[in-house]
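Below, read A as the first sequence line, B as the second, and so on, with proteins coming before strands; counting in each chain starts at 1. Side-chain atoms are counted along with the backbone in the values below, which use heavy atoms only and exclude waters and symmetry mates.
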Amino acid sequence: MPELPEVEVTRLSFAHRIAGARILSVHTGKPLRWPIGADAGALPGMSVVAVRRRGKYLLLDLSEGWLLLIHLGMSGSLLFAASMPPAGAHDHFDLVTTEGTLRLHDPRRFGAVVLSPGETSDVAVKLLGRLGVEPLGEGFGLAAFHAGLKRRDSPIKQVLLAGEVVVGVGNIYASEALFRAGIRPTTRASRISARRAERLWSAIRDVLARAVERGGSTLRDFSSAQGQAGHFQLEAMVYARAGEPCRQCGSPIRVLRQGQRSTFYCRVCQT
DNA sequence: CTATGGACCTGAATGC
DNA sequence: TGCATTCAGGTCCATA
């Protein structure tokens, strides 16, 4: 469910409220994608210093350099509130703090909560080590982006999804960014010209930044940790619009499968 | 090394 | 109504 904009909207919705909180207890439900780790018993007593984001991961900086990694998978969402109702069947993690409870709700359980002693532990390196550059940060340079594409022979859509060149672009925003850049999703990444790489580079930043402003996309059940739905889906140009007229040229939006994921595009506007 | 398909899991929508 | 199939915002891992 969550791509970079949804994760960032989630982060913004509770980071300031949880900062400085002391952890009182932890409650877990069914197993998530990875075990939380053997040190989880040490969480009570630690405090939450800050909440950062890396790609689609939320990183809770805890006391003494500990790091709590949270990933929302496909169907996860967080809620942070002073008073929390009893855990339901799909609530699999509660972090009870002096400022409120942070709860992970995740029906499919592709998400994860992992405690790591810093960013250089084996588990942190396994999860974060291969991530590409942050698209909304200063480090997202055009030259390096184009060079990264040059090294990949897969279709551009799948290169974006893989997150090894640039992070945070998931299935919705990959289709949206490629539409805005006028590039066919099947184009081999290595064959994208400098001029088109530049269009894609700015399309990625524009679409992600715009989606953050709009509170993310709520297709089925996404909401911020304050329970707010997003609205970006209302301005999607192609995603989930198969058969509907292109907002730019009127021809029907096409859908195809790439790596078991749906891709939406306009045959006329994207070449 | 890169590229691809399968796996993980649940619920909603669709089809017969 | 009932049951099977398909699809859904991610990404690690095994296999070529």
Looking only at non-hydrogen atoms, find the nearest pair between Phe145(A) and Ala197(A) and report the distance.
->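 So the minimum-distance heavy-atom pair works out to CE2-O, 3.6 Å.
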Using a distance-only test with no angle check, is there a side-chain donor-acceptor pair under 3.5 angstrom linking Arg257(A) and Ser262(A)?
->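 A pair is found: one side chain offers a donor N or O, the other an acceptor, under 3.5 Å apart.
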Tyr173(A) and Ser217(A): side-chain donor and acceptor closer than 3.5 Å?
->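 Yes - a donor-acceptor pair under 3.5 Å links their side chains.
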Which side chain to side chain donor-acceptor pair (under 3.5 Å) pairs, counting each pair once, include a residue from residues 191-203 of chain A, with sequence neighbours left out?
->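 Counting only pairs at least two positions apart or across chains, no side chain to side chain donor-acceptor pair (under 3.5 Å) contact touches residues 191-203 of chain A.
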Keeping to residues at least two apart or across chains, list the side chain to side chain donor-acceptor pair (under 3.5 Å) pairs with something in residues 129-151 of chain A.
->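 Counting only pairs at least two positions apart or across chains, the side chain to side chain donor-acceptor pair (under 3.5 Å) contacts touching residues 129-151 of chain A are Arg53(A)-Glu134(A), Arg54(A)-Glu134(A), Arg130(A)-Glu164(A), His146(A)-Lys150(A).
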DNA chain B-proximal residues of residues 229-243 of chain A, any heavy atom under 4.0 Å |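 Within residues 229-243 of chain A, no residue comes under 4.0 Å of DNA chain B.
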Give, ordered by number, those residues of residues 101-126 of chain A having at least one heavy-atom distance below 4.0 Å to an atom of DNA chain B; if nothing qualifies, reply none.
->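 Within residues 101-126 of chain A, the residues near DNA chain B are Pro107(A), Arg108(A), Arg109(A), Phe110(A).
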Go through residues 26-35 of chain A and report each residue with a non-hydrogen atom lying under 4.0 Å from DNA chain C, sorted by number.
->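 Residues of residues 26-35 of chain A that come under 4.0 Å of DNA chain C are, in numerical order, Arg33(A), Trp34(A).
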Taking only heavy atoms on the protein side, list every residue of residues 252-266 of chain A lying under 4.0 Å from any atom of DNA chain C, sorted numerically.
->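 Listed by number, they are Arg257(A), Arg261(A), Ser262(A).
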Any N/O pairs under 3.5 Å between the protein and nucleotides 1-3 of chain B? List them or say none.
residue: dA3(B); atom: OP1; partner: Asp153(A); partner atom: N; Å: 2.5
residue: dA3(B); atom: OP2; partner: Arg152(A); partner atom: NH1; Å: 3.2

Using the P atom on both, measure dT14(B) against dG9(C) and round to a whole Å.
->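 Per the computed distance, 16 Å lies between those P atoms.
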Taking the P atom of each, how far is dC9(B) from dC13(C), in whole Å?
->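 Looking at atom P only, dC9(B) and dC13(C) are 15 Å apart.
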Taking distance alone, no hydrogens or angles, what donor-acceptor pairs closer than 3.5 Å link side-chain atoms of residues 19-34 of chain A to residues at least two apart or in another chain?
residue: Ser25(A); atom: OG; partner: His27(A); partner atom: NE2; Å: 3.3

Any His90(A) side-chain N or O less than 4.0 Å from OP1/OP2 of dG11(B) |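 For dG11(B), OP1 or OP2 has a side-chain N or O of His90(A) closer than 4.0 Å.
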Under 4.0 angstrom between His71(A) side-chain N/O and dT11(C) OP1 or OP2 =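 Yes, such a contact exists.
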Output the single nucleotide from dC12(C), dG11(B), dG10(C) whose closest atom is nearest the side chain of Leu127(A).
->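 Of dC12(C), dG11(B), dG10(C), dC12(C) is nearest to the side chain of Leu127(A).
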Distance-only criterion, 3.5 Å: show the donor-acceptor pairs between side-chain atoms of residues 239-255 of chain A and protein atoms not counting sequence neighbours.
residue: Arg241(A); atom: NE; partner: Glu244(A); partner atom: OE1; Å: 3.3
residue: Arg241(A); atom: NH1; partner: Met237(A); partner atom: O; Å: 2.9
residue: Arg241(A); atom: NH1; partner: Pro245(A); partner atom: O; Å: 3.2
residue: Arg241(A); atom: NH2; partner: Pro245(A); partner atom: O; Å: 2.9
residue: Arg247(A); atom: NE; partner: Ala236(A); partner atom: O; Å: 3.0
residue: Arg247(A); atom: NH2; partner: Ala236(A); partner atom: O; Å: 3.0

Do Arg214(A) and Glu235(A) sit within salt-bridge range, that is, some charged N less than 4.0 Å from a carboxylate O?
->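 Result for this pair is yes, salt bridge flagged.
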Please list, chain by chain and in numerical order, all residues satisfying salt bridge (charged side-chain N to carboxylate O under 4.0 Å, His left out) with Glu213(A), sequence neighbours excluded.
->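 Here the qualifying residues are Arg210(A).
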Return the set of residues passing salt bridge (charged side-chain N to carboxylate O under 4.0 Å, His left out) with Arg180(A) (not counting sequence neighbours), or none when no residue passes.
->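 In terms of salt bridge (charged side-chain N to carboxylate O under 4.0 Å, His left out), with neighbours along the sequence ignored, Arg180(A) is linked to Glu176(A).
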Can you run through DNA chain B from 5' to 3' and write each base as (, ), [, ], | or . depending on how it pairs? Watson-Crick or G-U wobble, both distances under 3.5 Å.
-> .|||||||.|||||||
Between Asp221(A) (CG) and dG11(B) (P), how many Å, whole number?
->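 Taking atom P of dG11(B) as the reference, CG of Asp221(A) is at 12 Å.
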